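Bear in mind the structure is a predicted one, so any value in this text is a computation, not a measurement. FYI, the numbering just counts along the sequence from 1.
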Amino acid sequence: MGRMGVLDRFERGVENVMQNAFARTFKSGVKPVELAAAVKRECDARAAVVDRGRTVAPNEYGIALSPTDMETVEQWGLDALSHEIVESLRTHAERQRYSFVGAVDVAFDVDDTLATGRYAVVSRTTRGPVAPATTSNPSSRYPLLDIDGTRYYLTGDATVIGRGSESDIVVDDTGVSRRHVRLEVTAHGTILTDLGSTNGTFVEDQKVSEATLLDGNAVTIGRTTMMYWDAIDGDEDDE
C-alpha cells in the first residue's frame with residue numbers, strides 16, 4: 001500500500017485527512033494514552049445524529065505515525081495496542097450513547113513526512129455485515145444476535161458465522177465449522193442457512209438446514225448458543 005496506505009484508503013483524500021487530523025508533538029515520541037485520546041476526539045468530532053435518539057460514530061480509524069514512532073509501536077505490539085484503543089473507544093461510545101454500523105477497527109501506518117512525536121488520525125463510517133451493539137442503544141431497526149453476552153446488529157444483507165477468520169462473526173468453538181451458518185436479512189424475515197457444517201445447526205434444539213428465524217429463537221452451533229431478536233420498527237419511540 002505504500003507509506004500513505006491507511007490514509008489513501010479513506011475516501012476524503014489526503015488533503016482533507018491532514019486538514020482534519022489531530023496532531024501533537026512530544027519530545028520523546030508518541031504515547032499510547034495520547035493516541036487513544038486522539039481517537040476519541042476524532043470520534044466525537046465526526047459523530048453524527050442520524051435520527052431521533054441515534055448518533056452514529058465512525059467505526060474505522062487510521063493512525064499515521066512517523067517511522068521512529070512506528071518502530072516504537074511495533075515494539076509495544078500493534079495488535080495489542082489496537083485492541084486497547086478499540087476497547088477504550090467502545091467504552092467511550094457507551095458513555096456518549098453513540099452507536100456503530102460496522103465493526104470497530106484501528107489500523108496503523110507509516111507517514112515519512114511526519115516528525116517523531118507527531119501523528120494524524122482519520123476515520124470513516126463503514127457499514128459492515130455486523131456491528132457491535134451497546135447497552136445504550138438496545139432498540140434498533142436491525143436484527144440483533146447475542147453470542148455469549150456479546151451482541152451484534154445484523155446490519156448487512158448476509159452474515160456468515162463460523163470459526164474461521166474469514167467469517168463475519170468469529171466464534172471460538174472447536175465444534176463450529178470455519179464457515180458454519182449464514183443469516184440473510186430479507187423483507188420476509190431472517191433466513192438461516194447451514195453451510196454444510198460438520199456438526200449441524202440447531203434452532204430450538206431442532207436440526208435444520210434452513211429456517212426462518214422467529215423473535216427470541218435460540219440457535220446452537222457446536223457448544224455455542226446464540227439468541228436472535230427481530231429488528232424493531234424504526235418509527236418506534238426509543239424513549
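With hydrogens and angles left out, the side-chain atoms of Asp69 and Thr72 include no donor and acceptor closer than 3.5 Å. Thr201 and Lys207 form no side-chain donor-acceptor contact under 3.5 Å, judged by distance and modelled atom types alone. With no hydrogens or angles considered, a side-chain donor-acceptor pair links Thr190 and Tyr228 at under 3.5 Å. Between the side chains of His180 and Asn199, no donor N or O sits under 3.5 Å from an acceptor N or O. Remark: the Asp173 side chain and the Thr224 side chain contain an N/O donor-acceptor pair separated by less than 3.5 Å.
Closest approach of Ser66 and Ala115 over heavy atoms only: CB-O, 3.5 Å. Taking all atoms of both residues into account, the shortest heavy-atom contact from Val121 to Ala38 is CG2-CB, 3.9 Å. Taking all atoms of both residues into account, the shortest heavy-atom contact from Val106 to Val86 is CG2-CG2, 3.8 Å. Of all heavy-atom pairs spanning Thr126 and Asn59, the tightest one is N-OD1, 2.9 Å. Closest non-hydrogen pair, Trp76 versus Val30, comes out as CH2-O, 3.4 Å.
Put simply, Leu81 and Val39 are part of the same group of oily side chains (I, L, V, M, F, W, Y) that touch within less than 4.5 Å, one to the next. When the side chains of ILVMFWY residues are joined at heavy-atom separations under 4.5 Å, either directly or via intervening members, Val33 and Leu78 end up in two distinct hydrophobic clusters. Both Ile221 and Val208 sit in one connected hydrophobic cluster of ILVMFWY residues. Membership requires side-chain heavy atoms under 4.5 Å apart, directly or through other members.
At least one donor-acceptor pair under 3.5 Å links the side chain of Ser177 to the backbone N or O of Thr198. Arg163 places a side-chain N or O within 3.5 Å of a backbone atom of Val176 that can act as its donor or acceptor partner. Judged by distance alone, the side chain of Glu42 and the main-chain N or O of Tyr61 form no donor-acceptor pair under 3.5 Å. For Glu204 (side chain) and Ala218 (main-chain N/O), a donor-acceptor pair under 3.5 Å exists by modelled atom type. Side chain of Ser197 to main chain of Gly200: a donor-acceptor pair is present (N/O by atom type, distance under 3.5 Å, no hydrogens or angles). A donor-acceptor pair is defined here as one N or O able to donate and one able to accept, closer than 3.5 Å; no such pair exists between the side chain of Asp215 and the backbone of Trp229. A donor-acceptor pair is defined here as one N or O able to donate and one able to accept, closer than 3.5 Å; no such pair exists between the side chain of Asp44 and the backbone of Arg41.
A salt bridge links Arg178 to Glu166: one of the charged nitrogens lies within less than 4.0 Å of a carboxylate oxygen.
Considering Asp109, Ile85, Asp111 in turn, Ile85 is the only one that fulfils the side-chain contact (heavy atoms from CB on, under 4.5 Å) rule with Ile63. Checked options Leu213, Val160, Asp168, Ile169; the residue passing with Leu183 is Leu213 (criterion: side-chain contact (heavy atoms from CB on, under 4.5 Å)).
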*asked:* Assess the residue pair Tyr152 and Ile147 against the criterion (side-chain contact (heavy atoms from CB on, under 4.5 Å)); give the C-alpha distance rounded to whole Å, side-chain angles, the decisive distance to 0.1 Å, and a yes or no.
replied: CA-CA 8 Å; Tyr152 304 89; Ile147 306 176; 4.0 Å; yes
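The aromatic rings of His92 and Tyr98 stand perpendicular to each other, their planes meeting at an angle above 60°, with 30° marking the opposite boundary.
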